[in-house]
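Residue numbers start from 1 in every chain, and the chains themselves are labelled A, B, ... in the order their sequence lines are given, proteins ahead of strands. Side chains included, hydrogens not; waters and symmetry mates left out as well; all remaining heavy atoms used.
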Amino acid sequence: MSTNTDLANIFHTMATILEIKGESGFKVNANTKVARALEDLVEDVSSMEDVTKIPGVGKSSATKIKNYLDTGKMVEFEELRDSIPAGLLDVMRVQGIGPKKVRQFWQEADVTDIESLRAAVDDGRLANLPRMGKKTIENIAQALAFVESSGDRTRLGDAMPIAQEIITFLERVEGVTTITFAGSLRRGKETIGDIDILASTENQEALAQAFCNMDSVSMVQAKGETKCSVRLNSGMQVDLRVVDEGQFGAALLYFTGSKEHNITLREKAITQDKKLNEYGLEPVNISETEEAIYQDLGLPWIPTEIREDRGEFDCKRTPNLITLQNIKSDLHCHTTASDGHMSIEELAMQAIARGYHTIAVTDHSQSQAQANGLKPDRMRMHIDAIRKANASMSEITILAGSEVDILPDGTLDYDDELLALLDIVVASPHAALTQSPDQATQRLLAAIEHPLVHIIGHPTGRIINKRKGLEPDIPTLVAAAAKNNTALEINANSYRLDLRDTHVRAAVNGGSLLAVNTDSHRPDDFNQLRYGIFLVGRGLVIPGKCIKFFIPDALLNSSRPDF
DNA sequence: GCCGTTTTCGGCCCGACTGTTTTCAGTCG
């Protein structure tokens, strides 16, 4: 909800300002922790009775939150904000400049924002400060140019192929024994800040050389014995860490993160008089595998997707997560009848090649004119064509469906008579995606409660890094979905990933059904399923709640699949 | 500022790399 986001931003900003002002790092961390908790919170913070129930939120923060909810303002935040030039927060974003330098530049060189930092670099003002040599200023100038031109974090689906290409290249370098990606990529986060690659090799020098000399590298930022960092032409930062084979597990654990997961893990080690770092767990000397380290700390192996310090340490055993191989159907796909690039038969062949038992053809409804949405008459003919194709292919069941628009007022884009002819109805919002949260909730609620709707497709309509999409009240939707036996979609397209991870978790906890679909338009789109599987893991979806696990009989047997 | 199966006070993760020093501060992840 946007109140949660607004408050999270306020706490993040307070943390940064406190850092610049030289306050205790623990106080800074406490504020960051509150910000994170608010970001992850699915329910609307303004509807909560006691916010101190949120881990990390204590008395002091609770008072501030209440102050904001009651008055629309937070006195302490405004005082803090007014105590430094507003532009200093941007200066913190420059790589290599941390809180100490920001404060020094501000107080001793009149730097108040990015522009005045640029001026201070150019006119030599910074060179007069202590510990500011030629090289440091050069680095700041370069980082500054990058901040001035760079944009958002990279989407998971854009970063993964880059990482794989680099790994494919490096694993052929002489001496390399193991190489893999770690970091937020391994955790399947929806966006990636940088790519982390971990390797062990018998020839460190050769690997470092090969890495820093890749064609795609525009700048080498650091090159040490065990750590190299480069920036690619695309602007993406890639870090390479080299470790001994025998310490690969400890290193993998450490470099996969998240930072918050690691901190809690190390704290657990300390309470057992042990010490955990990227080289192993001491004094028991365990380092080869992640499993062994978790085990010695009295924990089950924790899947990478949930290593966010959001309650995963409460797991008594490793959760039985859904894998790519478990998925045996896709219930949201397009053909050339609307805006897809495959015929019904080609779609079916793709599904057969992946070992699916069922594929649903769900072309767009009439309102999607730009996507060649089908008017009722064409849809009726399309249903006939799908039935014919289904009869001619024994290896797979082809369902006649449609991705039907949920119109802004919550009604559907086809009348009930036509909807009743379909095996499966995926109802999705496509237009009016800037509605108020209340309108969005009512709109989606109407679709969830419609007796002929099976799945709500990409419920918020967001496009990562581009469009915020709807902001409905998720707990309300989840409760209604559970009650009406309507599944919520996990759209696996890496630009969508909708529902998002925290919403998926809320859906699982609220008992609603989920369906991970690729929304395929082209053959390659089926491969996006892997991003949906990451999301399924991050949401801890269990097999019984994922309709993609259902056997054919459960999906068919009537004009409405019996979920 | 937050937290507690040792604690309501005293802790709060840990190491690599850089650039500047001549033993280390600052930044990053």
Side-chain angles (χ1 to χ4, degrees), chain A residues 11 14-15 18-20 22-37 51-65 76 80 91-105 126-127 129-140 142-143 182-187 192-198 204 208 220-231 237-243 247 250-251 253-282 297-298 309:
Chain A
F11 277 94
M14 287 202 292
L18 290 169
E19 239 186 328
I20 292 173
E23 289 276 354
S24 140
F26 304 117
K27 197 166 162 179
V28 172
N29 287 344
N31 277 277
T32 305
K33 202 167 180 185
V34 173
R36 245 187 122 246
V51 292
T52 60
K53 292 235 161 59
I54 306 170
V57 178
K59 243 186 186 170
S60 167
S61 297
T63 308
K64 289 177 196 150
I65 291 170
E76 287 204 53
L80 263 182
V91 178
M92 274 289 278
R93 290 173 38 224
V94 180
Q95 193 164 41
I97 299 184
K100 300 267 167 51
K101 283 207 177 85
V102 167
R103 189 149 69 121
Q104 188 189 35
F105 291 177
L126 295 186
L129 301 176
R131 293 186 70 88
M132 288 297 292
K134 197 174 154 207
K135 187 78 182 138
T136 304
I137 292 175
E138 259 176 44
N139 288 344
I140 289 174
Q142 275 188 336
S184 46
L185 204 54
R186 185 167 178 243
R187 303 201 309 280
I192 307 298
D194 53 26
I195 295 173
D196 293 300
I197 294 177
L198 186 65
Q204 287 189 357
V220 177
Q221 294 179 313
K223 190 179 173 201
E225 278 190 13
T226 62
K227 180 182 167 183
C228 299
S229 185
V230 299
R231 198 168 283 289
Q237 182 175 317
V238 187
D239 295 336
L240 172 71
R241 298 292 300 237
V242 181
V243 299
Q247 297 173 323
L253 179 61
Y254 179 63
F255 293 113
T256 297
S258 65
K259 185 179 168 187
E260 291 77 13
H261 180 87
N262 284 348
I263 288 175
T264 301
L265 210 52
R266 287 174 177 210
E267 284 169 354
K268 283 190 185 297
I270 289 170
T271 64
Q272 299 176 26
D273 290 326
K274 294 168 191 162
K275 191 175 85 164
L276 179 65
N277 59 24
E278 62 260 55
Y279 302 112
L281 183 63
E282 299 297 341
L297 292 172
D309 197 20

Practice prompt. For A/Lys268, answer base if it contacts any base atom (sugar-phosphate contacts may also be present), sugar-phosphate if it contacts only those atoms, and nothing otherwise; contact means non-hydrogen atoms under 4.0 Å.
Written response: nothing
Worksheet item: With sugar-phosphate meaning primed atoms plus P, OP1 and OP2, does A/Val94 contact a base, only sugar-phosphate, or nothing at under 4.0 Å between heavy atoms?
Response: sugar-phosphate
Item to complete: Without swapping roles, check the side chain of A/Arg187 against the backbone of A/Thr256 for a donor-acceptor pair under 3.5 Å.
Response: yes
Worksheet item: Can you tell if the side chain of A/Thr136 reaches within under 4.5 Å of the side chain of A/Lys101, non-hydrogen atoms only?
Response: yes
Discussion item. What's A/Lys259 touching, base or sugar-phosphate or nothing? Going by heavy atoms closer than 4.0 Å.
Written reply: base
Practice prompt. Have a look at A/Tyr279 and say if it touches a base, only the backbone sugar-phosphate, or nothing, with a 4.0 Å heavy-atom cut-off.
Written response: sugar-phosphate
Item to complete: Give A/Ile270 one of three labels, base, sugar-phosphate or nothing, depending on what nucleic acid heavy atoms sit under 4.0 Å from its own.
Response: sugar-phosphate
Practice prompt. Please work out if A/Pro130 contacts a base, only the sugar-phosphate, or nothing of the nucleic acid, heavy-atom cut-off 4.0 Å.
Written response: nothing
Worksheet, complete the sentence: DNA chain B: first to last nucleotide in contact with chain A (atom under 4.0 angstrom from a heavy atom), 5' to 3', is B/dG1 to B/dG29
Worksheet item: Can you tell me the Watson-Crick or wobble partner of B/dG15, both distances under 3.5 angstrom?
Response: B/dC28
Worksheet item: Which part of the nucleic acid does A/Ser229 contact within heavy-atom distance under 4.0 Å: base, sugar-phosphate only, or nothing?
Response: nothing
Discussion item. If we ignore hydrogens and angles and just use 3.5 Å, is the side chain of A/Asp196 paired with the main-chain N or O of A/Ala182 as donor and acceptor?
Written reply: no
Practice prompt. Look at all strands and tell whether A/Lys59 reaches a base, only sugar-phosphate, or nothing, counting heavy atoms closer than 4.0 Å.
Written response: sugar-phosphate
Worksheet item: So what does A/Asn262 hit on the nucleic acid, given a heavy-atom distance under 4.0 Å: a base, only sugar-phosphate, or nothing?
Response: nothing
Worksheet entry | Partners passing side-chain hydrogen bond (donor to acceptor under 3.5 Å, both in side chains) against A/Gln272 (at least two apart in sequence or in another chain) | A/Lys274
Worksheet item: When we call it a touch if two heavy atoms are under 4.0 Å apart, what does A/Asn139 touch: a base, just sugar-phosphate, or nothing?
Response: sugar-phosphate
Discussion item. Taking the P atom in each of B/dA25 and B/dT21, what is the distance between them to the nearest angstrom?
Written reply: 14 Å
Worksheet entry | Minimum side-chain heavy-atom gap A/Gln104-A/Arg131 below 4.5 Å | no
Worksheet item: More than 12 heavy atoms of other residues, nucleotides or ligands under 6.0 Å from NZ of A/Lys223: is that the case?
Response: yes
Practice prompt. With sequence neighbours left out, write down each residue that passes side-chain hydrogen bond (donor to acceptor under 3.5 Å, both in side chains) with A/Gln247, or none if nothing qualifies.
Written response: none
